[in-house]
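Before any comments, here is the structure.
The shown structure was predicted, so the numbers you read here are calculated from the model rather than taken from an experiment.
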Number of protein chains: 2
Amino acid sequence: MSEPISGKSLHGHLDTMVLAVLDKSEAHGFEVWKRLEAQAKGGLKLKEGSLYPALYRLETAGLLTARKEEDDSSRRGPRRRIYKITRKGKRRLDQGRQEWQHFVSVVECVIGAPA
Amino acid sequence: MSEPISGKSLHGHLDTMVLAVLDKSEAHGFEVWKRLEAQAKGGLKLKEGSLYPALYRLETAGLLTARKEEDDSSRRGPRRRIYKITRKGKRRLDQGRQEWQHFVSVVECVIGAPA
DNA sequence: TAATCTATTTAGTCTGTCTAAATAATAGCT
DNA sequence: AGCTATTATTTAGACAGACTAAATAGATTA
């Protein structure tokens, strides 16, 4: 098996991935992280130091909104921030998916497409 | 049409692309650049400030060797540096191709594979 | 001689991911 | 009460790689 994806190769595609998981339903940061790990079937190793800045970046860009979760005394830890994709975020997701496909086709022109 | 690829999305994949074009035959930097542009069919906009540092990086990593071109007074400009892929570079290219495919499959797990 | 073409080099910036640790708040145990 | 484990977020600082932009080089052509 290959190494999990991380680092430089993710550059610029993480935002689209985050938007994609939040497009299914709203979620707090830690759950976004778990969804990413789960959907990538162990192929992804993402650090908090990458995810939370990405969420912040998307929020300030108006692609996500965030609200504090209402108090739930059946769970531990600090109040979670629930992120929800905006209409602008959905448009950006579409665009990101197109860019992704374009990116893949261009790189494969050069390095040689898989069989 | 999509925008040409540049910037962050290239991160970490440029090295593999450069190795791929040099795997066909040796070439000087400017020709590497032209081959990349040609093979990407206009889908790539690469700057000298990205290519030459990449060549330097690959050379110091032992993936390429470089030699000064012999004098050819039928052309203008300074002596060109001819780059040639090494055995180590070829191995790295294979590895880069595998990493690329893994990367693509992981990202598509998350953002939704194309049809 | 100036302009143009081919080619390379390099100084400095920016962005995004990383490492690493601190902080928050509660549950469950002794 | 105090300790530890769990869940979750935040943040400081390092680092890599692509960027902008311009300087430099040498030969040809006008």
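For the pair L55(B) CG and dA7(C) C1', the computed distance is 12 Å after rounding to whole Å. To the nearest angstrom, P of dA23(D) lies 14 Å from CD of E48(B). Rounded to whole Å, the distance from CD on E31(A) to P on dT6(D) is 20 Å. Atom OH of Y56(A) and atom P of dA12(D) are 11 Å apart (whole Å). For the pair L14(A) CG and dC18(C) C1', the interatomic distance rounds to 12 Å; values are reported in whole Å. At whole-Å resolution of the value, CH2 in W33(A) and P in dT17(C) are 16 Å apart. The distance from atom CG of L36(B) to atom P of dA18(D) is 12 Å, rounded to the nearest whole Å. Taking atom OH of Y52(B) as the reference point, atom P of dT8(C) lies 4 Å away to the nearest angstrom.
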Derivation of the side-chain contact (heavy atoms from CB on, under 4.5 Å) call for E31(A) and R80(A) | CA-CA 10 Å; E31(A) 196 187 332; R80(A) 299 183 289 200; over 6 Å; no

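Among dG16(C), dA27(C), dT9(C), the nucleotide with an atom closest to any side-chain atom of H11(A) is dG16(C). Listed candidates were dT17(C), dA18(D), dA25(C). Nearest to the side chain of R57(B) is dA18(D). Closest to the R81(B) side chain, of the nucleotides dT17(C), dA5(D), dT9(C), is dT9(C). Listed nucleotides dT9(C), dG17(D), dT4(C) differ in distance to Y83(B); the shortest reach to its side chain belongs to dT9(C). Of the candidate nucleotides dT9(D), dT17(C), dT6(C), dT9(D) has the atom lying nearest to any side-chain atom of F30(A).
Remark: K47(A) is in phosphate contact with dT19(C), judged by side-chain N or O atoms under 4.0 Å from OP1 or OP2. For K34(B) and dA7(C), the shortest distance from a side-chain N or O to OP1 or OP2 is below 4.0 Å.
Residue-level contact check: G49(A) touches the bases, meaning some heavy atom is under 4.0 Å from a base atom.
The closest side-chain heavy-atom distance from L51(A) to V18(A) is below 4.5 Å.
In terms of position on DNA chain C, the residue among P53(B) and R75(B) whose nearest nucleotide sits closer to the 5' end is R75(B). The residue among R79(A) and A54(A) whose nearest nucleotide of DNA chain C lies closer to the 5′ end is A54(A). For the pair R76(B) and G29(A), both in contact range of DNA chain D, the more 5′-proximal nearest nucleotide belongs to G29(A).
Minimum heavy-atom separation, Y83(B) to L55(B): CE1-CD1, 3.7 Å.
Not a single donor-acceptor pair under 3.5 Å links the side chain of W33(B) to the backbone N or O of E48(B).
Taking a cutoff of 4.0 Å between a charged side-chain nitrogen and a carboxylate oxygen, E69(B) and R79(B) do not qualify as a salt bridge.
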